[in-house]
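Notes follow the structure.
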Amino acid sequence: MADIPDELIKLERSSEDARRQLVGLVGEEYEAQWKAWRTAAEDFQAAVTVYATREDVTMSRHEVEQAAKRAVRHAEPADA
C-alpha cells in the first residue's frame, strides 16, 4: 500500500464518519449532517490536491485519493 500521510487518512475517516451519520436522518437533521459531510469531504479533497502537487510525491492526484480511501475503507477493525 502507498505511504499516505496520517493527516489525509484522518480527513478521509472524518468524511466517512460524517457520511455514515446520514443514515436514518430526515428533514433539518439530514440537511445539517449533509452539510457537515460536504465540508469534511471538501477538506479531504483539498488536502489531497495539495499533497499530490508536492514535488516529492510521485503519485497522481487520483492515485493519492484512492490510496487514502482504500486505507480508510478497507482498514482492519480496531478490535480485530
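Bear in mind that the values here come from a model prediction, so they are computed numbers and not experimental data.
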From CA spacing to verdict: side-chain contact (heavy atoms from CB on, under 4.5 Å), Met59, Ile4 | CA-CA 10 Å; Met59 294 186 292; Ile4 301 298; 3.6 Å; yes
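- Residues passing the side-chain contact (heavy atoms from CB on, under 4.5 Å) test with Ser60 are His62, Glu63, sequence neighbours excluded.
- In the hydrophobic clustering of this structure, Val72 groups with Leu11; members are Ile, Leu, Val, Met, Phe, Trp, Tyr whose side-chain heavy atoms approach within less than 4.5 Å, directly or through other members.
- Atom-to-atom distance recorded for Arg19:CZ and Ser14:OG is 12.5 Å, nearest 0.5 angstrom.
- Under the 4.0 Å criterion applied to side-chain N and carboxylate O atoms, Lys10 and Glu7 are not assigned as salt-bridge partners.
- The two residues Ala52 and Val64 come nearest to each other via the heavy atoms CB-CG2, 4.1 Å.
- Ion pair Arg73/Glu12 flagged as a salt bridge, since at least one NZ, NE, NH1 or NH2 atom sits closer than 4.0 Å to an Asp/Glu carboxylate oxygen.
- Scored by the side-chain contact (heavy atoms from CB on, under 4.5 Å) test, Ala36 finds Gln33 as partners (sequence neighbours excluded).
- A chain of hydrophobic side-chain contacts below 4.5 Å, direct or via other Ile, Leu, Val, Met, Phe, Trp or Tyr residues, connects Leu25 to Trp37.
- For residues 38-51, the set of pairs meeting the side chain to side chain donor-acceptor pair (under 3.5 Å) definition, not counting sequence neighbours, comprises Arg38-Glu42, Gln45-Arg61, Gln45-Glu65, Thr49-Arg61.
- Taken to the nearest 0.5 Å, the CG atom of Leu8 stands 6.0 Å off from the CZ atom of Phe44.
- Taking CD of Glu29 as the start and CG of Leu22 as the end, the distance is 11.5 Å to the nearest 0.5 Å.
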